[in-house]
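Before any comments, here is the structure.
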Amino acid sequence: QAMRDMLNEMRRALERELNADTRVRADAFGEDLTREQFVAFVMDSLTSLLRCDCASCPTLLKVVRRMLY
């Protein structure tokens, strides 16, 4: 339960930051990919990286930057 709570708080924090980021491209999101779906993808990717015991996630960061900016 503690892990689930932490992940939910991380998801909410990512959503807040994404909504507050004025640099995000205007066409980054739409009906085919919502902000919520994007955050879910990022969270799924992060948890997968944690399970693999990866020390860093440069590829995920590159994908996020290219998608948003």
Joint cluster assignment, Leu61 & Val39, ILVMFWY side-chain distance < 4.5 Å: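 Leu61 and Val39: separate clusters.
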Working to the nearest 0.5 angstrom, can you tell me the gap between [X] [atom1] and [Y] [atom2]?
{"X": "Thr47", "Y": "Met3", "atom1": "OG1", "atom2": "CE", "value": "9.0 Å"}
{"X": "Arg12", "Y": "Glu17", "atom1": "CZ", "atom2": "CD", "value": "14.0 Å"}
{"X": "Glu9", "Y": "Arg4", "atom1": "CD", "atom2": "CZ", "value": "15.5 Å"}
{"X": "Leu33", "Y": "Met67", "atom1": "CG", "atom2": "CE", "value": "4.5 Å"}
{"X": "Met43", "Y": "Asn8", "atom1": "CE", "atom2": "CG", "value": "8.0 Å"}
{"X": "Arg23", "Y": "Leu68", "atom1": "CZ", "atom2": "CG", "value": "9.0 Å"}

Side-chain touch Arg11/Leu7, heavy atoms, less than 4.5 angstrom: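 Arg11 does not reach Leu7 side chain to side chain.
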Val24 side chain reached by Phe38 side chain, heavy atoms, under 4.5 Å: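 Side chain of Phe38 against side chain of Val24, heavy atoms only: no contact under 4.5 Å found.
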Closest approach of Arg25 to Arg66 (non-hydrogen atoms, all atoms of both residues): NH1-O, 3.3 Å
Shortest non-hydrogen contact between Asp32 and Gln37, atoms and distance: O-OE1, 3.8 Å
Neighbour count above 12 (heavy atom, 6.0 Å) for Phe29 CZ: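 Yes, because the 6.0 Å sphere around CZ of Phe29 holds more than 12 heavy atoms from other groups.
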Val63, Leu49, Val42, Leu50 screened by side-chain contact (heavy atoms from CB on, under 4.5 Å) with Cys57, the one that passes: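 When side-chain contact (heavy atoms from CB on, under 4.5 Å) is applied between Cys57 and each of Val63, Leu49, Val42, Leu50, only Leu49 qualifies.
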Evaluation steps, side chain to side chain contact (heavy atoms under 4.5 Å, CB included), between Tyr69 and Asp21: CA-CA 10 Å; Tyr69 306 111; Asp21 191 344; 2.3 Å; yes
Between Glu15 and Asn19, a side-chain donor and acceptor under 3.5 Å: no
